[in-house]
Amino acid sequence: MKPWLILALAILAEVIGTLALKASDGFTRLGPSALVVAGYGTAFFCLSLTLRTIPMGIAYAIWSGVGLVLITVAGWILFGQKLDAPALAGMALIVAGVAVMNIFSRSAAH
């Protein structure tokens, strides 16, 4: 179970880094810029730890899929960003693909 918790931490750190990237205003603001570096550094470090036990494709699919959804929700709540039906459908397909990999694939480390 520990690799999955570390993967969750990687996802959270990546989301924080991405939100800070938006707030950094093109790396012109020091605080958010430092948070970008810390967030992405933590994300990649934690992701590298999960790759010891979780197959790379599975870990990356989960990391990117969950991160996509969390960033989209955060963008909607914090920045008022809007998505149209095709964008939502595309995201739903990504989430469905990650779910299929985890539920049905023998490659997923459970």
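Through side-chain heavy atoms spaced under 4.5 Å, either directly or across other Ile, Leu, Val, Met, Phe, Trp or Tyr residues, L93 is tied to no other residue. The hydrophobic cluster containing M56, built from Ile/Leu/Val/Met/Phe/Trp/Tyr side-chain heavy atoms closer than 4.5 Å, also comprises L51.
For the pair S33 and S24, the tightest heavy-atom approach, listed with the atom from each and the gap, is OG-CB, 3.6 Å. When all heavy atoms of T50 and P3 are compared, the closest pair comes out as CG2-O, 3.3 Å. Nearest heavy-atom pair across C46 and I6 is O-CG2, 3.3 Å. Between S64 and A61, the shortest heavy-atom distance links the atoms OG-O, 3.3 Å.
Just one residue in the list I58, I62, L12 forms a side-chain contact (heavy atoms from CB on, under 4.5 Å) with L7, and that residue is I62.
Among pairs with a residue in residues 8-21, those fulfilling side chain to side chain donor-acceptor pair (under 3.5 Å) read E14-T18, T18-Y40, at least two apart in sequence or across chains.
Of the possible donor and acceptor atoms, none in the side chain of T42 sits under 3.5 Å from a partner among the backbone N and O of G39.
Residues V36 and F44 share a single hydrophobic cluster, defined by chaining ILVMFWY side chains whose heavy atoms lie under 4.5 Å apart. In the hydrophobic clustering of this structure, V15 groups with V98; members are Ile, Leu, Val, Met, Phe, Trp, Tyr whose side-chain heavy atoms approach within less than 4.5 Å, directly or through other members. Under a hydrophobic-cluster definition in which Ile, Leu, Val, Met, Phe, Trp and Tyr are linked whenever side-chain heavy atoms come within less than 4.5 Å, directly or via other members, I11 and I94 are assigned to different clusters.
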Let me check something: any side-chain donor-acceptor pairs from residues 68-92 under 3.5 Å, sequence neighbours excluded? List them with distances.
{"residue": "T72", "atom": "OG1", "partner": "L68", "partner atom": "O", "Å": "2.7"}
{"residue": "D84", "atom": "OD1", "partner": "A87", "partner atom": "N", "Å": "3.1"}

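Put simply, the side chain of L35 reaches to within 4.5 Å of the side chain of I16, judged on heavy atoms.
Partners of Y60 by ring pair (Phe, Tyr, Trp, His ring centres under 6.0 Å), not counting sequence neighbours, listed by chain and number: W63. Not a single ring pair (Phe, Tyr, Trp, His ring centres under 6.0 Å) links F45 to another residue, sequence neighbours left out.
Note that CD1 of I54 is 10.5 Å distant from CG of L49, once rounded to the nearest 0.5 Å.
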